[in-house]
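Contents: one structure, followed by commentary.
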Number of protein chains: 2
Amino acid sequence: MTIRVLITDDHGVVRQGLRMYLGLDPELEVVGEAANGEEALRMARELGPDVVLMDLLMPVMDGIAATGKIRAELPEVEVIALTSVLEDASVSGAVRAGAIGYLLKNTEADDLGRAIKAAADGQVQLAPEAAMRLMREVRAPESPEALTERETEVLKLVARGKANKQIAHELFVGEKTVKAHVSSILAKLGVQSRTQAALYALRIGLVSMEELNEESW
Amino acid sequence: MTIRVLITDDHGVVRQGLRMYLGLDPELEVVGEAANGEEALRMARELGPDVVLMDLLMPVMDGIAATGKIRAELPEVEVIALTSVLEDASVSGAVRAGAIGYLLKNTEADDLGRAIKAAADGQVQLAPEAAMRLMREVRAPESPEALTERETEVLKLVARGKANKQIAHELFVGEKTVKAHVSSILAKLGVQSRTQAALYALRIGLVSMEELNEESW
DNA sequence: GATAATCTAGTACCAAAGTCGGAGAAGGGA
DNA sequence: TCCCTTCTCCGACTTTGGTACTAGATTATC
């Protein structure tokens with residue numbers, strides 16, 4: 001009984017590479033490739049794979065959102081997050097969204113095959129680094145204090161390099177208001193400056209490299 | 001006569017994938033894999049490949065630096081930059097460093113084989129997007145005014161979220177000096193704030209996501 | 001030996017960022 | 001109805017960031 005795998009990654013090289021490698025294992029069968037979360041959801045519906053390999057940083061629909069939707073709709077499909085991003089929020093986000101595994105892209109290719117088989121079997125697979133993050137979160141029940149909707153909006157603009165004045169203008173509020181939001185954001189994230197907040201936002205994928213490239217500066 | 005290829009990428013999955021795929025082409029032979037620029041240089045010396053596939057975003061020694069050293073020392077070895085980053089400075093940087101090709105990771109795997117063969121033959125290979133960036137740079141002889149060594153150093157720290165005072169402390173200079181450097185950086189990059197400069201540095205891969213994850217904030 | 005670039009650092013100044021505390025309006029529960 | 005959160009905004013303040021200009025020391029270059 002072969003395990004049917006759906007690959008999701010926005011980079012063609014990675015997709016082809018995974019397909020090539022996994023294709024050599026007679027127990028695995030790559031049934032499709034998706035380039036973003038939306039495609040992944042659609043193809044998961046159509047193909048009904050056993051396991052989805054899911055990149056987290058993708059355009060259109062990110063991997064965590066896609067994972068959530070797939071797991072909600074097709075609970076028999078297991079999802080393994082396979083990403084180069086290691087971040088507390090990503091790990092717990094993926095796990096909360098229903099991923100059964102979290103592996104880093106520097107995982108040895110051999111291990112990957114084993115992890116997929118284990119996942120198809122319902123067994124949890126975590127990279128040691130990811131496991132540590134989860135442990136840390138459980139031990140210290142530090143709810144990193146979720147940002148409100150508005151704060152998230154502001155943070156996104158900060159992470160695109162905008163000044164308070166510009167943000168105020170874009171959101172049709174006063175600069176004082178923006179400052180208040182920024183202060184609150186810094187406190188909740190535990191960072192010391194808007195630059196750190198911007199980098200944080202990038203780190204957790206709140207804004208993507210692609211979005212950054214839209215900025216003209 | 002097979003073409004000997006050295007793969008350089010810090011992600012195991014990508015390396016394995018490339019090796020698998022390229023291995024299927026009888027005209028190509030993957031003679032080695034390197035996980036960073038330093039390894040790439042060493043292995044290029046030892047193995048004398050015809051073509052090096054070089055990721056630009058890597059720890060230890062970035063791809064542009066490695067490209068420069070390889071081309072300087074082993075001019076018969078051709079280097080193809082293979083990366084997910086598309087940025088003016090990366091493209092012209094790689095080209096200046098001596099890369100004969102610049103391809104994106106979303107390149108179809110078929111094209112990659114063809115590109116490698118062309119490169120071994122001394123033919124230039126550019127992704128259309130990369131070609132456009134080069135064109136633009138040639139048309140508008142806007143030399144983005146290269147940063148000096150020290151400025152680059154400062155920018156890296158800015159991009160890790162450090163304040164001027166911290167940077168001054170780390171580099172054993174006065175805060176005034178750091179400010180002077182930062183001002184000069186902003187002017188050269190054409191950006192308006194340190195946050196934008198930090199994002200710029202990230203965009204061009206001066207600092208990587210991985211490095212960001214080392215920061216404790 | 002002159003020239004240019006870089007790194008250093010100063011002064012003076014202004015703008016932007018961020019803090020602290022308070023406060024009114026709107027909306028959703030309990 | 002009362003409570004809680006969020007969003008809005010204020011004043012007053014401190015700190016950080018950034019500009020403009022100048023200038024000595026060092027080093028590489030011609």
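Note on naming: letters A, B, ... go to the chains in the order of the sequence lines (proteins, then strands), and numbering restarts at 1 for each one.
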Original post:
For A/Arg194 and C/dT19, what is the distance between atoms CZ and C1' respectively, to the nearest whole Å?
Top reply: 15 Å
Original post:
Whole-Å distance between D/dT6 C1' and A/Glu153 CD?
Top reply: 13 Å
Subject >> Residue-phosphate contact under 4.0 Å: A/Asn164 side-chain N/O, C/dA17 OP1/OP2 >> reply: yes
Original post:
Given D/dC7, D/dG18, C/dC7, which nucleotide is nearest the side-chain atoms of A/His181?
Top reply: D/dC7
Original post:
Is there a side-chain contact between B/Leu82 and B/Leu18, using heavy atoms and a 4.5 Å cut-off?
Top reply: yes
Original post:
Reckon A/Ser183 has a side-chain N or O less than 4.0 Å from the OP1 or OP2 of C/dT19?
Top reply: yes
Original post:
Reckon A/Thr148 touches a base, only the sugar-phosphate, or nothing at all at heavy-atom distances under 4.0 Å?
Top reply: sugar-phosphate
Original post:
How about B/Thr148 and B/Glu151: does a side-chain donor come under 3.5 Å of a side-chain acceptor?
Top reply: yes
Subject >> Atom pair distance, as rounded to whole Å: CD1 in A/Ile185 and P in D/dC7 >> reply: 10 Å
**OP:** Starting from P on C/dC7, measure out to CD1 on B/Ile167 and report it in whole angstrom.
**Re:** 15 Å
Original post:
Nearest-Å distance, NZ (B/Lys188) to P (D/dG18)?
Top reply: 17 Å
Original post:
Does a nitrogen or oxygen in the side chain of B/Thr177 sit under 4.0 Å from OP1 or OP2 of C/dT8?
Top reply: no
Subject >> Side-chain-base donor-acceptor pair under 3.5 Å for A/Lys179 and C/dG18 >> reply: yes
**OP:** Tell me what B/Ala163 touches on the nucleic acid: a base, only sugar-phosphate, or nothing, going by heavy atoms under 4.0 Å.
**Re:** sugar-phosphate
**OP:** Take atom NZ of B/Lys117 as the centre, draw a 6.0 Å sphere, and report whether it contains more than 12 heavy atoms from other residues, nucleotides or ligands.
**Re:** yes
Original post:
Whole-Å distance between D/dG17 P and A/Lys165 NZ?
Top reply: 18 Å
Subject >> Distance in angstrom units between A/Lys176 NZ and C/dG21 P, rounded >> reply: 17 Å
Original post:
Which whole-number value in Å describes the distance from B/Glu175 CD to C/dT8 P?
Top reply: 15 Å
Original post:
Within less than 4.0 Å of OP1 or OP2 of C/dT6, is there a side-chain N or O belonging to B/Arg150?
Top reply: no
Subject >> Enclosure of A/Glu149 CD (heavy-atom neighbours >12, cutoff 6.0 Å) >> reply: no
**OP:** Have a look at B/Glu149 and say if it touches a base, only the backbone sugar-phosphate, or nothing, with a 4.0 Å heavy-atom cut-off.
**Re:** sugar-phosphate
Original post:
Any donor and acceptor pair, going by atom type alone, linking the side chain of A/Gln166 with main-chain N or O of A/Ala163 inside 3.5 Å?
Top reply: yes
